[in-house]
Protein chains: 2
Amino acid sequence: MPTTTRPSGLQPDQIVDVAHTLISEHGLAWFSMRKLAAALDVNPMTVYLRFDSKDALLDAVARRGLRDVELPDLPEGPWEDRAVALCTVLRSHLLADRNLLGLYATADRLSAALLQSVEQGLTLMEEIGFRGEGAVLAFRSLFWHTVGFTLVHHSFDHFPADSPGGLQGTFGTVDESTHPVFARNLSSFTSVDGDALFDHTTHLVVAGLRDGAPTSEETR
Amino acid sequence: MPTTTRPSGLQPDQIVDVAHTLISEHGLAWFSMRKLAAALDVNPMTVYLRFDSKDALLDAVARRGLRDVELPDLPEGPWEDRAVALCTVLRSHLLADRNLLGLYATADRLSAALLQSVEQGLTLMEEIGFRGEGAVLAFRSLFWHTVGFTLVHHSFDHFPADSPGGLQGTFGTVDESTHPVFARNLSSFTSVDGDALFDHTTHLVVAGLRDGAPTSEETR
DNA sequence: ACCTGAACACCGTTCAAGT
DNA sequence: ACCTGAACACCGTTCAAGT
């Protein structure tokens, strides 16, 4: 070894790759600039030559995680089914790596990374008669419905029923006189199936879009 | 002063209160256990006598932030309007303190803190004929739609149009041959009005619920 | 020019020691 | 019993110094 400082030629892409892998494997909370540097076998400060800050790096990692998302072609079938399918695929891509979800939540320009979904979504909206800003609005409803529901997904994991206290523990005592309807339906508050709830709500949004579309019966 | 250690009688509620205030004023990123202790004029370790960890404390802060939410009575009017109003009120409560939003995103048992909304939501669902688990499912769709959209809200703040690069900067070059529909509608991608988009999508969900309700015309 | 080592100003948390 | 001080094992980031 001629010198102690190798001109590593460390590329930004490589840094983002390794950061992505580390976060994916160990989680966002575990990740640090120093651990990243160790994984890259480089001085902690070298990373700062390529990225201004940890935030800037995380931004790049988030964008990278979504950049190469390849959405499959939508299946044949009724319009509603294809619209729901778009949402389902999008969501499963976002959920694919749970450790990166926290990153997407704070990463701006989420939609910019998902060009494929924009193309497919707009096509669907035009198919039922939406044009221009109307098509964009309709697409955005569906898109952000999907992203929002996905970000909220982990809240379902720890819902009562299975937990020690059960519903009592979570809701405390539901006062029959102030919350009569709630009290009467308490036994129906079973644990939440996130996938089913998403699917159900997506159908509601899709049906709403379809009903409000300029063209209701000309899809062919 | 007789001794240097006051038997402060520091109450957990007081700790949570001060933590809530600090986060609300300076943000979640600024907040630390040591700064909290300084604000309480107490040794940093004293807080650990009441809370096992920072996470446990933040959990308590999140719950406290929602505990006393008093939802106003729903206005008179058509069912759809009242359902939308419930969502709007819920959202504005969650958005009231933007600095606490990040807390809710990771706080489990979000719904447990919002008993009021459960009572009102279930009442609405029963009004159009939903019963038992059907009513709970319908309510959950509306509730989590609202929470999800709220958590995603800040993504809209930095949407292109006003930013330096504009749409070009965010989307890069939209290839006309691979994304023809997108390219054709590029000019319709104006900046996102989060409130309007939420309102619009909420109407879609509400309309979907109404249409799928057991009773369609017996509301009275 | 490119990289590093040491240092600065912080963290959350543990634990032996004080009163 | 109740609280603290010092310490441990970390952080992100700056910057003068090395090659």
Side-chain ion pair, B/D17 and B/R64, N-O less than 4.0 Å: yes
Under a 4.5 Å cut-off applied to non-hydrogen side-chain atoms, are B/T190 and A/E133 in contact? yes
So, do B/D81 and B/P75 sit near enough that their side-chain heavy atoms are less than 4.5 Å apart? no
Aromatic contact, B/F139 with B/F130 (centres under 6.0 Å): no
How long is the straight-line distance from CE of B/M125 back to CG of B/L209, given to the nearest 0.5 Å? 5.0 Å
Heavy-atom side-chain proximity of B/L58 to B/I23 below 4.5 angstrom: yes
Rounded to whole Å, please give me the gap between CG in A/L49 and C1' in D/dT13. 13 Å
Distance test, side-chain N/O of B/T46 to OP1/OP2 of D/dC2, below 4.0 Å: no
So what's the dot-bracket for DNA chain C: Watson-Crick or G-U pairs under 3.5 Å, [ ] if a pair crosses, | if it pairs off-strand? ||.|||||...|||||.||
For atom P, what is the distance between D/dA9 and C/dA9, given to the nearest Å? 22 Å
Distance in angstrom units between A/Y48 OH and D/dT14 C1', rounded: 10 Å
Whole-Å distance, A/I15 CD1 to C/dC3 C1', equals 13 Å
B/S/- along nucleotides 6-11 of chain D (protein heavy atoms under 4.0 Å) is BB---B
For C/dG12, take OP1 and OP2 only and decide whether either is under 4.0 Å from a side-chain N or O of B/S53. no
Side-chain heavy-atom pair B/W144, A/L197 within 4.5 angstrom cut-off: yes
I'd like to know whether the aromatic ring centres of A/F198 and A/H145 sit less than 6.0 Å apart in this structure. yes
